[in-house]
Amino acid sequence: MMEEKKNPIVYSDFPDPDVIRVGDTYYMASTTMHYMPGCDILRSYDLMNWEFVGHAYETLDDTPGHNLEGTAQIYGRGMWAPSFCYHDGTYYINFTANDTHKTYLFTAADPAGPWKKGTIDGFYYDSSLFFDDDGKVYIVHGNKELYLTELDPQVKGPLEGGLQRLVVRDGENVHLGYEGSHLYKREGKYYLFTCHMPAYGNGWKTEDCFIADSLTGEFKGKCIIDDDMGYHRLGVAQGGMVDTPEGDWYGFMFQDRGALGRSPMVMPVHFDEEGFPVIGVEGNVPEVVSIPSTRPGYQYSPLNGDDDFAYTPDENGKVELKPFWQFNHNPVKGLWSVTDRPGAYRIYSGKICSSLAYGYNTLTQRTFGPESEAWVTLDGRGMRDGDYAGISAFMGCYGAVALTKEKEQFYLVMLGKPAQNDTVFGDSDYLEPAVEYERIPIDSECVTLKVHTDFTDKLDEAEFYYLLDGQWKSIGIRQKQYFKMDHFTGCRFGLFLFSTKQTQGYADFMEFHYRKKD
């Protein structure tokens, strides 16, 4: 009996998915913004279950913002909307970063890497790299106005005298103009997928598809998805399509799921008499999908998980953390370790700041819907006065449970950054200090702390606990969370240390546990 799976097929924050197939294997690249290592690369054999292959880069650039120096930061920026393709034995990933205003190009012979970093001359917003059958290479890009640019054979920049044209222009009556381009070729026709948000109709994000007989011809289009699946007027959009070895086609896009983030959806596709894709049943996204596997019985590695922090360095002394871990910005060398105390993730204090958002080496994992929780044991014997260390529901309007030290006395505190409003627009004060909702004096420097998140039907709340005599005790408030453009990412569990008075302290995190409710 073939497996069935509900949409979203990955109930977590993997936005802007671009999916390709090479042989019997599907690969996905996804946006990671400010998180490092960046540009997640996932693998599947059935488009429903996914596992990590790796990342395209460990760090993207060496700037004060990427390094979180002082008050510089790149929250909500960094890498956006990757384009993933395979041509003539080489894998290509390209994307832009809206803080450096560069277009990056990574190439590899294997999706697992190593990846070679380069750039394409120019800034190509939400671009799609495309190799035609004749070997020519193009890039589609833009917002509201979508352009097609022919690149040189080395994919270094525009080809002198090559094709450069406006492909489509969105209307005036829109909240969000065409973006998120994906270009394909099927049965001699060119397909350009793009999303937008009309100011008319239902008012949520939709997906259009434009078709042309040639790259110099007219692209004629129409809406192919206008469906929120009954979920809070949040449309399914931004993505494209991929074929199976048997010649069937599937669409892949994402849906905003509140504070959880943006979750990938998969849907069957067939084509009408004009060649336009028809999604699911009359353009509606199915609640359940069932797709044959190219490797039946394959066991996937989890996208999240426990960690005992027992790592062995390689012959060069390098340690590679499990692939579901990502730092909040570039990791600061010398200020984190999993070998200084075997079995512990140690963060050393390296700066004075008043907000968790500015702390170095916050280590994160994605949350999962509808509910997930994580807990960790924290040894704070190395902390100094004014230090805060703990586990957070990490985003712009974060919440956290932490151990802190003041005049040699330890306290448990629950911190929260209340949102200014319930809109998607970023709060103006999201980098400011949090509110302390509860403080409890304790006699031990070693505590076990837990965060529970509930995204059921967009409830979007986090609760905080500490372990006392074998029982979980709540602390503080239920923190309401909102997906906003200040971080532009979904809620994550984050292990952190930040110092408000002095540096040189450290905190050890041990026995990390992760659970999710399917």
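Every heavy atom of this structure was used, including side-chain atoms; hydrogens, water molecules and symmetry mates were not. It should be emphasised that the depicted structure is a prediction, and the values quoted were computed from it without experimental measurement.
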Undergrad: Restricting to salt bridge (Lys or Arg N to Asp or Glu O under 4.0 Å), what partner residues turn up for E320, sequence neighbours left out?
TA: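 Per chain and number, E320 pairs via salt bridge (Lys or Arg N to Asp or Glu O under 4.0 Å) with no residue.
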Undergrad: Mind checking whether H141 and F123 have ring centres under 6.0 Å apart?
TA: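 No; F123 has its ring centre 6.0 Å or more from that of H141.
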Undergrad: Would you say the side chains of Q238 and D16 form a donor-acceptor pair under 3.5 Å?
TA: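 There is such a pair (donor and acceptor under 3.5 Å, judged by atom type) between the side chains of Q238 and D16.
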Undergrad: Can T448 and T377 be counted as having a side-chain donor-acceptor contact under 3.5 angstrom?
TA: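 Short answer, yes.
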Undergrad: Assert yes or no for the condition that the ring centre distance of Y298 to Y300 is strictly below 6.0 Å.
TA: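 Ring centres of Y300 and Y298 closer than 6.0 Å.
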Undergrad: Quick one: does any side-chain atom of Y75 pair with a main-chain N or O of A357 as donor and acceptor, under 3.5 Å?
TA: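 Yes.
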Undergrad: Looking only at side chains, do T100 and Y104 share a donor and an acceptor under 3.5 Å apart?
TA: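 Yes, side-chain donor-acceptor contact under 3.5 Å.
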Undergrad: If you measure only the distance, is there a donor-acceptor pair under 3.5 Å linking the side chains of N94 and S127?
TA: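 The answer is yes; a qualifying pair exists.
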Undergrad: For N304 and K516, which I'm curious about, is there any donor-acceptor pair between the side chains at under 3.5 Å?
TA: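 Judged by distance alone, the side chains do not pair up.
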Undergrad: What I want to check is whether the side chains of N328 and Q73 have a donor and an acceptor closer together than 3.5 Å.
TA: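 On atom types as modelled, these side chains do not qualify, holding no pair under 3.5 Å.
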Undergrad: Under a 3.5 Å cutoff, is there a donor and acceptor pairing between the side chains of N7 and Q255?
TA: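 No, no side-chain donor-acceptor pair sits under 3.5 Å.
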Undergrad: Please report whether the ring centroid of F327 lies less than 6.0 Å from that of W336.
TA: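 Yes.
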Undergrad: Looking only at the side chains, is there a donor atom on one of S499 and D387 sitting less than 3.5 Å from an acceptor on the other?
TA: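 S499 vs D387: donor-acceptor pair found between side chains.
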Undergrad: Under 6.0 Å from the CD atom of E58, do we count more than 12 heavy atoms belonging to anything else shown?
TA: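 Atom CD in E58 is not packed in, count stays at 12 or less.
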Undergrad: With no hydrogens and no angle check, just 3.5 Å: does a side-chain donor-acceptor pair link T63 and D61?
TA: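 Distance-only check fails for T63 and D61.
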Undergrad: Taking atom types as modelled, is there a side-chain donor on H66 or D99 under 3.5 Å from an acceptor on the other?
TA: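 Present: a donor and an acceptor within the cut-off.
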Undergrad: Start with the C-alpha distance between K484 and D427, add both sets of side-chain angles, then the distance that settles side-chain contact (heavy atoms from CB on, under 4.5 Å), and finish with yes or no.
TA: CA-CA 8 Å; K484 288 178 174 286; D427 287 351; 3.2 Å; yes
Undergrad: Among Y92, Y91, F95, whose side chain to side chain contact (heavy atoms under 4.5 Å, CB included) with F106 holds?
TA: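 Among Y92, Y91, F95, the one meeting side chain to side chain contact (heavy atoms under 4.5 Å, CB included) with F106 is F95.
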Undergrad: Checking side-chain polar atoms at under 3.5 Å, does H513 have a donor or acceptor matched by the opposite partner on D307?
TA: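 Note: H513 and D307 side chains miss the donor-acceptor criterion.
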Undergrad: Check salt bridge (Lys or Arg N to Asp or Glu O under 4.0 Å) between D340 and all other residues, then give those that pass, not counting sequence neighbours.
TA: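 For D340 there are no salt bridge (Lys or Arg N to Asp or Glu O under 4.0 Å) partners, ignoring immediate neighbours.
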Undergrad: Closer than 4.0 angstrom, basic N to acidic O: yes or no for D508 and R341?
TA: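 Salt bridge flag = yes for R341 with D508.
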Undergrad: Would you please say whether a donor-acceptor pair under 3.5 Å links the side chains of S372 and T453?
TA: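 Result is yes, a qualifying pair exists.
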Undergrad: Out of the candidates W325, F324, Y345, F493, only one should pair with F512 under the ring-ring contact (aromatic ring centres under 6.0 Å, His included) rule; please name it.
TA: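 The residue from W325, F324, Y345, F493 that satisfies ring-ring contact (aromatic ring centres under 6.0 Å, His included) with F512 turns out to be W325.
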Undergrad: Is it the case that D256 and Y231 place a side-chain donor and acceptor less than 3.5 Å from each other?
TA: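 There is no such pair between these side chains.
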Undergrad: Do E406 and Y411 get their side chains close enough for a donor-acceptor pair, meaning under 3.5 Å?
TA: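 Checked: E406/Y411 side chains show no N/O donor-acceptor pair below 3.5 Å.
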Undergrad: How far apart are the C-alpha atoms of L449 and L412, what are their side-chain angles, what is the distance that settles it, and do they pass the side-chain contact (heavy atoms from CB on, under 4.5 Å) test?
TA: CA-CA 10 Å; L449 308 174; L412 281 177; 3.7 Å; yes
Undergrad: Would you say that more than 12 heavy atoms from the other residues, nucleotides or ligands in this model lie under 6.0 Å from the NZ of K117, or not?
TA: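 Buried by this count: over 12 neighbours within 6.0 Å.
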Undergrad: Salt bridge check: are D46 and R295 linked by an N-O gap of less than 4.0 Å?
TA: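 Result for this pair is no, no salt bridge flagged.
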Undergrad: Excluding sequence neighbours, so at least two apart, what forms salt bridge (Lys or Arg N to Asp or Glu O under 4.0 Å) with E438?
TA: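 E438 satisfies salt bridge (Lys or Arg N to Asp or Glu O under 4.0 Å) with no other residue.
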Undergrad: Is a donor from one side chain sitting under 3.5 angstrom from an acceptor on the other, for N143 and D126?
TA: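 Result is no, nothing qualifies.
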Undergrad: Between W50 and L47, is there a donor-acceptor pair closer than 3.5 Å when you use the side chain of the first and the backbone of the second?
TA: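 Side chain of W50 to backbone of L47, a donor-acceptor pair under 3.5 Å: yes, one is there.
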